[in-house]
Amino acid sequence: MKKVAIINSKAPFTDNSGKDALDLALILGSYEQDISLFFHDDGVWQLHNNQQPELIQQKDYLKTFSAFELYDIENIYVCAASLKERELTSDFHIETVSVLSRQEFNAMLAAHQTIFRF
């Protein structure tokens, strides 16, 4: 089975990228694909706790991250350098996140045969 990586590099609610990446992950998960999610650059904001999308009249698609367990999506990686650059902590709204150095992040990503970037 090919390993599939989905890279999230954009902040939530700026466009549909985050929701599209989430939808793809859930679709592939429903077909029992080996999926890993990667968050770097502004994509790390998607994992940040206490988002309030209703203030900008957006639907909170981030709540759907809690469905990852139902779809056996367990490989979720965050770039530590991206967190540091944005002065964020690892206070995420999901629990199964691995924070990796930039080198570890890139090595983990290189182990995947198919990569989707959002």
Side-chain angles (χ1 to χ4, degrees):
M1 179 184 313
K2 288 185 178 181
K3 293 178 77 173
V4 177
I6 300 174
I7 302 172
N8 293 273
S9 60
K10 295 184 180 176
F13 314 114
T14 56
D15 61 17
N16 289 332
S17 298
K19 179 156 181 357
D20 291 346
L22 174 62
D23 289 345
L24 178 61
L26 296 178
I27 289 167
L28 293 174
S30 69
Y31 288 101
E32 299 180 0
Q33 298 295 306
D34 187 3
I35 304 164
S36 297
L37 296 173
F38 291 82
F39 295 85
H40 76 116
D41 294 338
D42 284 340
V44 297
W45 287 103
Q46 292 186 44
L47 296 174
H48 193 263
N49 224 348
N50 302 319
Q51 301 279 338
Q52 296 178 319
E54 64 279 356
L55 295 177
I56 56 171
Q57 300 176 345
Q58 295 285 324
K59 184 176 178 185
D60 188 3
Y61 71 88
L62 299 175
K63 290 181 181 179
T64 310
F65 280 47
S66 62
F68 287 164
E69 187 176 327
L70 299 172
Y71 290 85
D72 292 326
I73 299 173
E74 300 170 349
N75 301 322
I76 304 168
Y77 305 105
V78 171
C79 179
S82 294
L83 288 174
K84 185 176 180 180
E85 289 165 3
R86 285 150 188 84
E87 299 180 4
L88 294 175
T89 64
S90 55
D91 181 25
F92 305 128
H93 58 85
I94 54 178
E95 295 178 17
T96 58
V97 177
S98 298
V99 178
L100 305 175
S101 70
R102 192 177 308 268
Q103 186 176 10
E104 293 169 324
F105 186 89
N106 291 335
M108 190 66 71
L109 185 58
H112 292 74
Q113 290 80 29
T114 304
I115 299 174
F116 294 96
R117 178 179 295 276
F118 291 90

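Along the sequence shown, residues are numbered consecutively beginning with 1.
Smallest separation of non-hydrogen atoms from A5 and L109: CB-CD1, 3.7 Å. Shortest non-hydrogen contact noted between H48 and H93 is O-CD2, 3.5 Å. Nearest heavy-atom pair across I27 and S30 is O-OG, 2.6 Å. Closest non-hydrogen pair, S82 versus V44, comes out as CB-CG1, 3.7 Å.
Linking ILVMFWY residues whenever their side-chain heavy atoms come closer than 4.5 Å, directly or via other members, places L70 and L37 in the same cluster. No continuous path of hydrophobic side-chain contacts links F38 to L24 [ILVMFWY only; heavy atoms under 4.5 Å]. Residue V97 is grouped with residue L22 when hydrophobic side chains (ILVMFWY) are merged at heavy-atom distances under 4.5 angstrom, including chains of intermediate members. In terms of hydrophobic clustering, with Ile, Leu, Val, Met, Phe, Trp and Tyr side chains grouped at heavy-atom distances under 4.5 Å, I6 and I76 are assigned to a common cluster. When hydrophobic clusters are built by joining Ile, Leu, Val, Met, Phe, Trp and Tyr residues whose side-chain heavy atoms come closer than 4.5 Å, directly or via intermediates, F116 is grouped together with V78.
Atom OG of residue S98 and atom CD of residue E104 lie 9.5 Å apart, to the nearest 0.5 angstrom. Note: T114 OG1 to D34 CG = 10.5 Å, rounded to the nearest 0.5 Å. Between the OG atom in S9 and the CD atom in Q46 there is a gap of 8.5 Å [rounded to 0.5 Å]. Put simply, OG1 on T64 and NZ on K19 are 7.0 Å apart, with the number rounded to the nearest 0.5 Å. To the nearest 0.5 Å, the span separating CD on E95 from OG on S66 amounts to 11.0 Å. Atom CG in N8 sits 10.5 Å away from atom CG in D20 (nearest 0.5 Å).
Here the side chains of F68 and T96 are not in contact, with every heavy-atom distance at 4.5 Å or above. Between R86 and D42, some side-chain heavy-atom pair lies under the 4.5 Å cut-off. Counting heavy atoms from C-beta outward, I73 and L28 have side chains that stay 4.5 Å or more apart. The closest side-chain heavy-atom distance from K10 to D41 is not below 4.5 Å. With a 4.5 Å cut-off on side-chain heavy atoms, Y71 and I35 do not count as touching. Between H112 and S36 the shortest side-chain heavy-atom distance falls below 4.5 Å.
Among Y77, W45, F118, F105, the one residue that satisfies the ring pair (Phe, Tyr, Trp, His ring centres under 6.0 Å) test with H40 is F105.
The closest side-chain donor-acceptor pair between D91 and T89, if any, does not fall under 3.5 angstrom.
F39 and F65 have tilted rings, their planes meeting at an angle from 30° to 60° on a 0 to 90° scale.
Within 6.0 Å of CD in E69 there are 12 or fewer heavy atoms belonging to other residues, nucleotides or ligands. Enclosure of atom CD in E32 is not indicated, since only 12 or fewer non-hydrogen atoms of other residues, nucleotides or ligands lie within 6.0 angstrom.
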